[in-house]
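I have placed the structure first, in the form of structure tokens, so that the comments after it can refer back to it.
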Amino acid sequence: MTGRDSGAPGAGRFAAPKGVLEYVPPESIAFEHVMRTLIAAADRAGYALIELPVFEDTQLFARGVGESTDVVTKEMYTFTDRGDRSVTLRPEGTAGVVRAVIEHGLDKAGLPVKVRYAGPLFRYERPQAGRYRQFYTVGAEAIGVDDPALDAEVIAMADEGFRALGLRDYTLEINSLGDAECRPAYRELLQDFLRKLPLDEATQERVAVNPLRVLDDKRPEVRRMVADAPLLIDHLSTAAKEHHTAVKQHLDDLGIRYVENPRLVRGLDYYTKTTFEFVHPGLGAQSAIGGGGHYDGLMSLLGGADLAGIGYGIGVDRVLLACRAEGVEPWSTARVEVFGVPLGDGARRKLVQLAAALRKAGVRVDMAYGGRSMKAGMKAADRSGARYALVLGDRDLDAGTVGLKDLSSGDQDTVALDSVVDEIVNRLA
Ligand code: HAM
């Protein structure tokens, strides 16, 4: 993993942009395993791939994510393209998904629309451990059916992905942000409370545009002041309350533990009803490894039908950090299972064919190239993480045999060339 500052590269050399992580081997193997495991959990629940552009019309995010959010006001990578359009590198995935659902009429063909996606997001944030300017998420969205069981499914999918990786120490926090019936009255109640506090000017402005976010302020002095603020969870409409109770019931049925956090607000404006976050204690300040919630108004806000939605975004980079913090390593860093070491030109020619035959049989194979010595070849075999080395000299070739060396025990057998593919397939089975 490298995250170098592009401060002072050597003459003529370049470095990756500031605040950006790169995954190079072998760390990239761990990264890919985490990503695939999280995707697989959504796949098992019938969420189909949706592959969308990494840049969109700036207005999509301004409107979809919310003009008053930090994401829109401070963190977007926005630029004018050569056609004079304002475009923005996607800072999150949900707005783009909703745009695509509307544009392609996916909601006309059976509900809910269930889609998953994985890829980079971009936010111009202050880089620190677990917070990057390009980061990776796996996301899933279920659009068009308002059912607490679907909220539970989405939460369970995230939970299952974490468990499949072997993570145990995280906590699921849940809250309800209410619905169109109770939110406006609560907002006024909260504003009345906050306006009486000696808050600084910037926070007062926030009270006017997005008072809920003030409850989420991390500064101790603000936290003290808002300790007695009215909480939305105590002012839910009957429908929102029933929804919330039903979601919790489903989570109980599934044996998924959660804590209720009535101050959980989240940084994007579209949330209604269920909101949740998975937090991990091993990550320092950037402890959210995933989060999401319900967004009842987003489809209609972006010009579509008035349909509910629920989804999550999981931070792949942070989940990998969580695996490191818990000391779980469910991936193998082996690039291949078999590594060929040819000694001589005839042997090389034969090993190229054997490697192709093994790959056809589903075995992962690499070999030493460049006519190197036996010693260099065996070193490369060890480095590849392979279980077996196939050692072939021109004399073996004449005898119709090959050396099959178990790289962990050091045992070497002589195997007939025409049965070595079957022998390896059997041993690996
Ligand atoms: P979000 O909580 O803003 O939600 O981002 C999702 C996850 O991405 C976070 O929980 C965190 O793990 C990770 N993350 C966020 N910012 C960074 C960063 N700068 N560096 C590293 N990781 C980061 C959303 O984006 C919503 N679209 C999720 C959603 C889907 N809600 C409903 N559907």
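Order of listing sets the numbers, starting from 1, for every ligand and every atom in it. Every heavy atom of this structure was used, including side-chain atoms; hydrogens, water molecules and symmetry mates were not.
Residues F339 and Y388 place their aromatic rings such that the two centres sit no closer than 6.0 Å. The distance between the ring centers of Y136 and F31 falls below 6.0 angstrom.
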Table please: side-chain donor-acceptor pairs of residues 223-233 below 3.5 Å, with sequence neighbours left out.
unit_1: R223; atom_1: NE; unit_2: D217; atom_2: O; d: 3.3

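A salt bridge is defined here as a Lys NZ or Arg NE, NH1 or NH2 lying under 4.0 Å from an Asp or Glu carboxylate O, and R99 with E56 meets this definition. In this structure, K114 does not pair ionically with E141, as no charged nitrogen and carboxylate oxygen lie closer than 4.0 Å.
Of the candidates L268, I143, T275, Y295 forms a side chain to side chain contact (heavy atoms under 4.5 Å, CB included) with just one, namely I143.
In this structure, ligand 1 sits under 4.0 Å from heavy atoms belonging to E92, T94, R123, E125, G130, R131, Y132, F135, T137, E141, R266, L268, Y270, Y271, A288, I289, G290, G291, G292, G293, Y295, G311, Y312, G313, G315, R318.
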